[in-house]
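Structure provided below as structure tokens; questions to follow.
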Amino acid sequence: MVHLSRGVVATCLTLLAHSSAITAKESSTNPIVADGTSFALNGNNVAYRIHVDNTTGDLLGDHFGGSVGAHIPLEVVGDVHGWNGYIGRVRREFPDQGRGDFRTPAIRIRQSQGYTVSEFQYKSYKIIPGKPALPGLPATMGTEEDASTLVISLYDKYSDVGADLSYSIFPKYDAIVRSVNVTNHGEANITIESLASLSVDLPFEDLDMISLRGDWAREAHRERKKVTYGTQGFGSSTGYSSHLHNPFLALTEPSATESHGEVWGFSLVYTGSFSVNVEKGSQGFTRALLGFNPSQLSWNLPPGETLTSPECVSVYSKDGIGGMSRSLHRLYRKHLIKSKFATSDRPTLLNSWEGLYFNYNQSSIYDLAKEAAEVGAKLFVLDDGWFGREYPRLSDDAGLGDWIPNPDRFPDGLGPIVKNITDLKAANSSTNMRFGIWFEPEMVNPNSTLYNEHPDWALHAGPYPRTERRNQLVLNLALPEVQDYIIKSVSDVLRSADISYVKWDNNRGIHEMPSPATDHAYILGMYRVFDELTTQFPDILWEGCASGGGRFDPGVLQYFPQIWTSDNTDAIDRISIQLGTSLAYPPSAMGAHLSEVPNQQTGRTVPVAVRGHVAMMAGSFGLELDPAVMNAEDKAALPGLIALAEKVNPIVLNGDMWRLNLPEDSNWPAVLFIAEDGEEAVLFVFQLAPNVDHSWPRVRLQGLDAQAFYKIDGGVVYSGGTLMNIGLQFPFKGDYGSQVVMLEKQ
Ligand code: DGJ
């Protein structure tokens with residue numbers, strides 16, 4: 001159990017004397033109840049409560065957790081001794097800088113005179129039906145049936161700066177989404193030095209924090225640690241959300257597990273550099289801040305202008321970490337991803353990268369597509385290497401920026417090869433093959449016509465050398481002319497042939513920038529490009545990629561319904577990477593491919609069935625190999641694996657995911673997907689290492705209807721209670737086994 005703070009465990013008399021002013025009977029059932037002094041946001045199983053401090057005008061947090069009644073006790077602040085002022089002892093919704101709160105502020109403004117003190121006081125509120133969009137930024141979406149929004153306006157009368165805190169509640173998902181608008185109503189420029197989208201003070205001093213850390217080819221490793229006194233956190237200064245840390249945080253009570261305990265999940269809808277800061281203070285509270293990375297902000301705000309923060313989604317689960325993930329998954333599937341493919345079946349694809357890399361011509365590409373069709377793939381993806389005229393892309397040192405087909409490889413452009421490939425029929429189906437293509441439009445190689453013509457379009461800091469990574473530089477997407485060039489060159493290619501899929505890659509971080517603010521300006525420009533292209537081409541299936549999962553974030557998901565999860569295609573590593581990614585992101589959003597052995601990243605050899613089974617736990621299943629050079633037995637297994645992947649795909653795309661056993665805790669990681677209507681489920685169980693002369697592993701299921709009966713793989717029938725309380729046993733032999741079991745409700 002979490003420990004309630006001292007002030008809350010008070011006598012009845014104290015509770016009455018300090019209770020919230022909200023009195024309406026419906027205050028714990030209406031999504032938003034407000035009276036100008038107290039504010040309540042109510043979800044099916046969550047309540048968020050705020051009030052205005054009548055002595056300071058500050059906005060104070062009262063509760064973020066399970067549902068509560070109309071009257072709630074407010075924090076009791078005892079005598080104020082020592083250096084901490086009164087505002088350093090309360091739970092603040094929008095902590096500003098100076099004046100006695102020594103914890104990290106949610107906002108720091110440098111005024112023209114140099115001050116960094118602010119005093120934001122409550123001014124007014126309004127309630128808006130539904131969930132409004134954010135100008136230029138990705139955002140969750142909802143009609144008035146799905147969401148309601150409370151906007152609380154604060155004002156600093158000394159600087160004439162206003163801050164509007166916008167809270168949207170999605171009651172069905174126990175999710176509260178917050179963003180902040182800061183407006184300069186004064187007469188001089190100000191600089192926003194830091195701005196958190198979310199700041200919340202939880203009244204607990206004994207919490208764990210969970211984050212996702214990694215690097216290239218080892219993304220999304222779960223990191224859990226105790227929150228200790230002082231500040232701790234993580235973030236990205238790479239210019240993007242990055243492989244290193246994901247813009248996601250969970251705080252949990254110390255005993256919380258996958259299926260038990262209180263968990264607060266926070267997910268920042270942003271693709272740029274970010275900061276997550278967790279602070280356990282001297283007064284027994286824990287503050288969480290998620291927002292812009294202050295080292296890459298310094299945002300100049302002239303009079304009359306507004307800076308909008310990205311939004312941060314917060315979910316509360318009393319059913320452990322798994323409950324938190326399922327709320328985020330459902331919300332993101334239905335209210336974040338705009339694409340019409342968000343939950344619709346994805347075609348099995350074959351991507352040319354690991355099969356051919358840069359070594360191909362028109363005829364070997366056609367042969368690969370033919371092989372793909374013969375084993376049953378429905379979409380052929382031509383990866384890197386198809387473009388560049390004066391500087392042909394034959395390796396990674398030339399061509400980026402010149403989005404024109406390489407005339408030596410494709411003498412008549414893309415039209416004929418696309419026609420030949422889309423004339424192929426996928427095996428055992430009447431479907432014609434579809435064609436997809438790779439781009440990396442935010443980048444430029446110095447060896448390119450684009451760079452020769454526009455060296456100033458590459459991000460650089462005055463005279464400092466332009467650091468290259470993978471022989472490339474980053475274009476400055478803050479410049480409208482760069483955005484327009486990308487939109488035009490990509491759409492010209494997409495209009496030139498029958499293209500139904502795009503993989504949008506990005507293979508380096510940002511090094512030199514003209515100013516810290518360029519990072520956010522770049523991201524706004526990038527979102528404009530994403531928005532224009534996905535609006536112009538809504539029938540194209542867009543996949544995000546950044547050297548694998550370097551930008552697996554909710555901002556990208558708004559525009560692209562799937563993201564290449566990692567360049568590491570080793571099935572065993574992928575179990576951890578995909579389960580880690582699923583902490584915050586729905587499996588529907590993941591791309592995963594069955595690749596050749598020995599694996600090209602790890603050198604490991606894993607049976608073809610295990611490789612297939614791991615990949616089909618993702619929404620977009622594919623192959624990344626050349627079937628022509630596979631061993632005969634593995635190649636013969638592909639049609640069956642593709643058929644199984646297509647059978648489970650609708651459940652993986654739309655269903656609830658239950659992580660039954662984690663690879664970090666168990667030799668038998670297991671995942672259950674239960675269809676949205678509960679009628680079907682699919683269970684994946686893996687063995688990581690041999691376990692000689694040991695009883696067969698038993699997997700106990702979760703999330704089923706205990707009273708209902710389920711047919712297992714078309715045979716024996718067990719009740720949900722039996723499957724959850726006794727479970728199923730699996731025989732495994734040797735390294736790297738896997739089983740896939742279908743369950744049908746009777
Ligand atoms: C990095 C991606 O993650 C790979 O899948 C592949 O597309 C390469 N880039 C191509 O350069």
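Just follow the structure's listing: the first ligand is 1, and inside any ligand the first atom is 1.
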Parallel, tilted or perpendicular: ring planes of Y585 versus F552, cut at 30 and 60 degrees: tilted
Decide, yes or no, whether a salt bridge links K488 with D492 under the criterion of side-chain N to carboxylate O below 4.0 Å.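 Yes.
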Rounded distance (nearest 0.5 Å) linking atom CD1 of I417 with atom OG1 of T422: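 It comes to 9.5 Å.
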Identify whether NZ of Lys or CZ of Arg in R393 sits under 6.0 Å from the centre of the six-membered ring of W438 and within 45° of that ring's axis. no
For the aromatic rings, using the six-membered ring if either is Trp, is the centroid distance between F439 and W504 under 6.0 Å?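 They do not qualify: ring centres at least 6.0 Å apart.
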Name the residues with a heavy atom less than 4.0 Å from ligand 1? W353, D383, D384, W438, R470, K503, D505, N507, C545, S547, G548, W564, D567
Looking at Y360, I'd like to know if the NZ or CZ of R409 sits under 6.0 Å from its six-membered ring centre while staying within 45 degrees of the ring's axis.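 Flagged: R409 positioned over aromatic ring of Y360.
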